[in-house]
Protein chains: 2
Amino acid sequence: MARGKIQIKRIENQTNRQVTYSKRRNGLFKKAHELTVLCDARVSIIMFSSSNKLHEFISPNTTTKEIIDLYQTVSDVDVWSAHYERMQETKRKLLETNRKLRTQIKQRLGECLDELDIQELRSLEEEMENTFKLVRERKFKSLGNQIETTKKKELRAEDPHYGLVDKGGDYDSVLGYQIEGSRAYALRYHQNHHHHYPNHTLHAPSASDIITFHLLE
Amino acid sequence: MARGKIQIKRIENQTNRQVTYSKRRNGLFKKAHELTVLCDARVSIIMFSSSNKLHEFISPNTTTKEIIDLYQTVSDVDVWSAHYERMQETKRKLLETNRKLRTQIKQRLGECLDELDIQELRSLEEEMENTFKLVRERKFKSLGNQIETTKKKELRAEDPHYGLVDKGGDYDSVLGYQIEGSRAYALRYHQNHHHHYPNHTLHAPSASDIITFHLLE
DNA sequence: GTGGCTATTTATAACAC
DNA sequence: TGTGTTATAAATAGCCA
């Protein structure tokens with residue numbers, strides 16, 4: 001018998017509280033189940049007792065994970081906000097950094113020069129010249145190494161048939177530029193011209209040079 | 001009047017179902033609230049109607065996020081894994097792209113040339129020369145514009161005091177080109193292992209797990 | 001989609017085993 | 001701890017606004 005009006009107030013007696021928790025929990029779950037069936041709704045109840053024991057109810061034909069996923073999608077209270085927003089922010093910054101890097105590369109391909117002022121143009125000009133020289137040097141060195149290697153090889157093979165200069169003149173056809181990267185995106189740059197290098201006696205101009213940058217998104 | 005025994009079976013009448021949903025939902029929430037107060041428990045109810053409308057109850061002094069976090073920790077249901085992994089993958093790709101972009105810029109500054117083969121060096125050399133020319137042209141054009149502007153200004157101001165050549169002759173001493181966007185990002189993952197409770201199937205941890213992403217500079 | 005109303009059905013507090 | 005009983009409080013279906 002429910003003797004006397006029930007006070008909605010914390011039950012101080014530990015035992016009574018525990019008993020009430022158990023009974024009312026069952027009542028709540030029963031109601032939830034009825035609601036599910038009667039009204040064709042999906043209900044998730046997650047509860048922790050004062051002693052931190054977990055009990056849950058979930059409507060048949062669904063899962064707690066589903067409900068929570070849906071909850072997150074539908075509600076603006078994104079439950080996972082702390083992590084989510086931090087990761088979103090990180091992503092935003094990475095994309096921004098990425099964008100800047102792409103711009104810089106474009107400028108080094110001679111594009112988007114409108115955005116630069118005179119000082120920047122001057123610096124970029126200088127940079128291009130410097131790097132051009134560095135790369136040329138490096139190329140010579142690389143060529144030299146290859147020639148050395150080839151020379152030694154040929155000597156070892158006792159095969160004096162080929163001349164060194166001829167060997168060197170054919171290098172353009174030796175190596176194929178390998179394009180790495182699957183998801184080709186962003187920027188692609190094809191070049192197809194001959195170039196004359198006034199101070200460059202060793203250079204053997206190729207039929208076509210192709211430079212391709214595949215930048216992943 | 002509760003006329004007749006209630007059948008726990010889907011209410012086919014759309015209107016009645018809606019009304020019952022509304023009323024029973026309130027009843028359920030009321031019960032949940034009472035349980036919260038009487039038994040000092042924490043309850044989260046998330047429900048979706050048959051028309052996919054979201055309704056939720058959450059005990060005072062807590063949040064749905066708290067409950068779900070705790071639920072995830074205690075139960076084996078990894079509620080966030082899908083989102084988490086998706087974002088991790090995105091971040092990983094962005095960082096990788098970033099790294100490649102940086103490498104390309106470095107190569108255009110004459111660094112990291114060791115990684116390039118002879119063909120790549122040749123292409124890069126050509127690129128540098130081309131861009132150098134383009135930038136130089138652009139610079140001249142820009143300078144020309146400035147000189148024109150200055151000339152007109154001075155003519156208008158009737159101030160022949162300054163020579164045009166002197167005006168333009170000092171540009172090289174101005175600021176160098178700054179490469180920006182060279183910040184490095186890194187990701188840290190902290191997780192406190194929760195306690196193991198051998199005798200409890202489900203129990204709340206005393207310390208919650210924390211996942212933190214640090215954006216490093 | 002609420003907010004009464006009322007006859008009934010349900011839930012449950014207190015007690016007992 | 002759990003389970004049952006019972007007097008009473010609450011919930012609520014159907015109806016009207």
Side-chain angles (χ1 to χ4, degrees), chain A residues 1-60 62 67 70-71 73-77, chain B residues 1-60 64 74-75 197-204:
Chain A
M1 335 101 187
R3 294 148 187 169
K5 243 183 194 167
I6 293 153
Q7 309 299 319
I8 304 301
K9 197 173 178 180
R10 183 189 142 104
I11 298 167
E12 295 301 334
N13 182 292
Q14 161 80 38
T15 308
N16 286 348
R17 191 169 64 232
Q18 166 53 34
V19 171
T20 297
Y21 177 74
S22 177
K23 288 191 171 180
R24 277 182 174 258
R25 170 163 42 80
N26 287 331
L28 193 71
F29 287 179
K30 188 183 173 191
K31 290 277 182 196
H33 178 253
E34 290 174 1
L35 189 46
T36 291
V37 175
L38 287 168
C39 306
D40 197 24
R42 284 161 295 163
V43 182
S44 159
I45 304 181
I46 299 172
M47 50 197 296
F48 291 92
S49 69
S50 56
S51 55
N52 279 332
K53 257 184 212 153
L54 166 66
H55 296 275
E56 73 168 315
F57 168 86
I58 184 66
S59 299
T62 189
I67 297 294
L70 207 52
Y71 173 76
T73 308
V74 170
S75 73
D76 283 334
V77 181
Chain B
M1 330 103 187
R3 295 150 186 169
K5 243 183 193 169
I6 293 155
Q7 308 300 320
I8 303 303
K9 197 174 179 183
R10 182 189 143 102
I11 299 168
E12 295 302 333
N13 182 292
Q14 160 82 36
T15 308
N16 286 347
R17 191 169 63 232
Q18 165 55 35
V19 171
T20 298
Y21 177 74
S22 178
K23 287 190 172 181
R24 276 181 175 259
R25 170 163 42 81
N26 287 331
L28 193 72
F29 287 179
K30 188 183 174 192
K31 289 277 182 199
H33 178 253
E34 290 174 1
L35 188 46
T36 292
V37 174
L38 287 167
C39 307
D40 199 22
R42 283 161 296 162
V43 181
S44 159
I45 305 180
I46 298 173
M47 50 197 294
F48 291 92
S49 69
S50 56
S51 55
N52 278 331
K53 256 187 210 151
L54 166 66
H55 296 275
E56 74 168 315
F57 169 85
I58 183 66
S59 298
T64 301
V74 171
S75 71
Y197 299 95
N199 297 325
H200 290 175
T201 48
L202 296 169
H203 200 292

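A note on names: the letters A, B, ... follow the listed sequences, proteins ahead of strands, and every chain is numbered from 1.
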Discussion item. Would you compute the distance between atom CG of A:Leu28 and atom CD1 of A:Ile45 and round it to the nearest 0.5 angstrom?
Written reply: 4.0 Å
Worksheet item: How close or far is atom P of C:dA11 from atom CZ of A:Arg24, stated in whole angstroms?
Response: 12 Å
Fill in: Side chain B:Ser59, main chain B:Val43, donor-acceptor under 3.5 Å
yes
Discussion item. Nearest 0.5 Å, please: how far is CG in A:Asn26 from NE2 in A:His33?
Written reply: 13.5 Å
Item to complete: Specify the separation, in whole Å, of atom CZ of A:Phe29 and atom C1' of C:dA11.
Response: 16 Å
Practice prompt. Calculate the interatomic distance between A:Asn13 atom CG and C:dA13 atom C1'; express it in whole Å.
Written response: 13 Å
Discussion item. With a 4.5 Å cut-off on side-chain heavy atoms, are B:Phe48 and A:Val74 touching?
Written reply: yes
Fill in: Under 4.0 angstrom between B:Lys30 side-chain N/O and D:dA11 OP1 or OP2
yes
Fill in: Heavy-atom donor-acceptor pair, A:Ser22 side chain to A:Gln18 backbone, under 3.5 Å
no
Worksheet item: Whole-Å distance between D:dA11 C1' and B:Leu35 CG?
Response: 16 Å
Worksheet item: What is the distance from NZ of A:Lys31 to C1' of D:dA10, rounded to the nearest Å?
Response: 8 Å
Worksheet item: Which residue, B:Lys53, B:Glu56, B:His55, forms the side-chain contact (heavy atoms from CB on, under 4.5 Å) with B:Met47?
Response: B:His55
Worksheet item: Could you give the CG-to-C1' distance, from A:Asn16 to C:dT12, as a whole number of Å?
Response: 13 Å
Discussion item. Between P on C:dA11 and CZ on A:Arg25, what's the gap in Å once rounded to a whole number?
Written reply: 16 Å
Response to the item:
Assign each of B:Glu34 and B:Val19 the nucleotide of DNA chain D bearing its closest heavy atom; nearer the 5' end lies the nucleotide of B:Glu34
Scan nucleotides 1-4 of chain D against the protein and return all N/O pairs shorter than 3.5 Å with their distances rounded to 0.1 Å.
none

Fill in: B:Arg17 CZ - D:dG14 C1' separation (whole Å)
17 Å
